[in-house]
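These numbers come from a predicted model, not from an experiment. Position 1 is the first residue of the sequence, and the numbers go up from there.
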Amino acid sequence: PVFAGMNGSAIENFSCVIYNIFLMNCTWQAGRDAPADTQYFLYWQNSRDEEKMECELYIKDENCRNTGCIFQNVTIGTEKAYFLVNGSSKDSLIQFYDEYIDLYKIEILTAPLNVTTHCTRDSAGCIITWHPPLTSHVTKAKCFQYEISIQNK
């Protein structure tokens, strides 16, 4: 059956973020009713055409239980990525957790690059320029919107 395993043994509070263009960090908490020896394993698939990949670098809690993962060289595709976290325990079967995520929605963009300000003393004021942030999936600079906060001291 799809939900085989002890109720409350699946992970909780699963979330992922992509940062610095190609790094992805996923975290979760152990199921509230999972046996103490439960160990979790994360797999993800970026598209239907790619192989499922297991986490290569797990983040562990104080009990050496896997509670997160860091992926490198992540590329943001057009399809939703599939995530699966299953678990094992010698005491009972562990329920799995799965979710589809649009990777572009979880990317934390870097700040704009090469911000420069040139101010004159006359009525011309200041000219502020910058380049768009680096991203793995946005190719058109016009896709970004910016807000400038000017504070006089």
Review point. If we only count heavy atoms from C-beta on, is the I76 to E107 side-chain gap below 4.5 Å?
Key: yes
**Study point:** Atom pair CD1 (I94) and CZ (F41), whose distance is rounded to the nearest 0.5 Å
**Key:** 10.5 Å
Exercise for review: Taking the six-membered ring for Trp and the single ring otherwise, decide whether the centroids of Y146 and W130 are under 6.0 Å apart.
Suggested key: yes
Check your understanding: Which value, rounded to the nearest 0.5 Å, describes the distance between N25 atom CG and C69 atom SG?
Key -> 8.0 Å
Check your understanding: Say you draw a straight line from CD1 of I148 to OG1 of T117; how long is it, rounded to the nearest 0.5 Å?
Key -> 8.5 Å
Revision key, fill the gap. Partner of K52 under side chain to side chain contact (heavy atoms under 4.5 Å, CB included), picked from Y82, F83, W44, is Y82
Point to revise | Exam field: side chain Y40 to backbone G31, donor-acceptor pair closer than 3.5 Å | key: yes
Practice item. Determine, using the 4.5 Å side-chain heavy-atom cutoff (strictly less than), whether I101 and M53 are members of one ILVMFWY cluster. Key: yes
Study note, to complete from the structure: Separation between CD1 (I21) and OG1 (T75), nearest 0.5 Å, reads 13.0 Å
Study note, to complete from the structure: Interatomic distance, NE2@H118 vs CD1@I127, rounded to 0.5 Å, equals 6.5 Å
Review point. What do you reckon, C126 and C119 SGs under 2.5 Å?
Key: yes
Exercise for review: Could you give me the CA-CA distance, side-chain angles and deciding distance for I59 and N66, then say whether side chain to side chain contact (heavy atoms under 4.5 Å, CB included) is met?
Suggested key: CA-CA 6 Å; I59 301 166; N66 297 337; over 6 Å; no
Check your understanding: S15 versus C26: any side-chain heavy-atom pair under 4.5 Å?
Key -> no
Practice item. Using atom types as modelled and distance alone, determine if a side-chain donor or acceptor of R32 lies under 3.5 Å from a backbone N or O of I11. Key: no
**Study point:** Heavy-atom side-chain proximity of F96 to V85 below 4.5 angstrom
**Key:** no
Review point. Under 3.5 Å, is there a donor-acceptor pair between the side chain of D61 and the main chain of N63?
Key: yes
Review point. Are L42 and F14 close enough that some pair of their side-chain heavy atoms sits under 4.5 Å apart?
Key: yes
Review point. Under 4.5 Å between side-chain heavy atoms, hopping through other hydrophobics if needed: is there a path connecting I106 to Y104?
Key: yes
Revision key, fill the gap. Of all heavy-atom pairs linking D33 and M6, the shortest is O-CE, 2.5 Å
Point to revise | Residue pair D37 / S89, side-chain donor-acceptor N/O under 3.5 Å | key: yes
Review point. Under 3.5 Å, side chain of E51 to main-chain N/O of Q45, donor-acceptor pair present?
Key: no
Review point. Quick one: does S9's side chain have a donor or acceptor within less than 3.5 Å of a partner on Q95's backbone?
Key: yes
**Study point:** Polar side chain donor-acceptor pair, Y97 to E99, under 3.5 angstrom
**Key:** yes
Practice item. First locate atom CD of Q29, then atom CZ of R65, and finally report the distance between them rounded to the nearest 0.5 Å. Key: 11.0 Å
Exercise for review: Check the pair N86 / Y43 against side chain to side chain contact (heavy atoms under 4.5 Å, CB included), numbers first and verdict last.
Suggested key: CA-CA 8 Å; N86 62 21; Y43 300 86; 3.8 Å; yes
Practice item. Carefully, step by step, assess I18 and V74 under the rule side chain to side chain contact (heavy atoms under 4.5 Å, CB included). Key: CA-CA 8 Å; I18 296 175; V74 171; 4.1 Å; yes
Review point. Is there a side-chain contact between L23 and Q72 (heavy atoms, below 4.5 Å)?
Key: yes
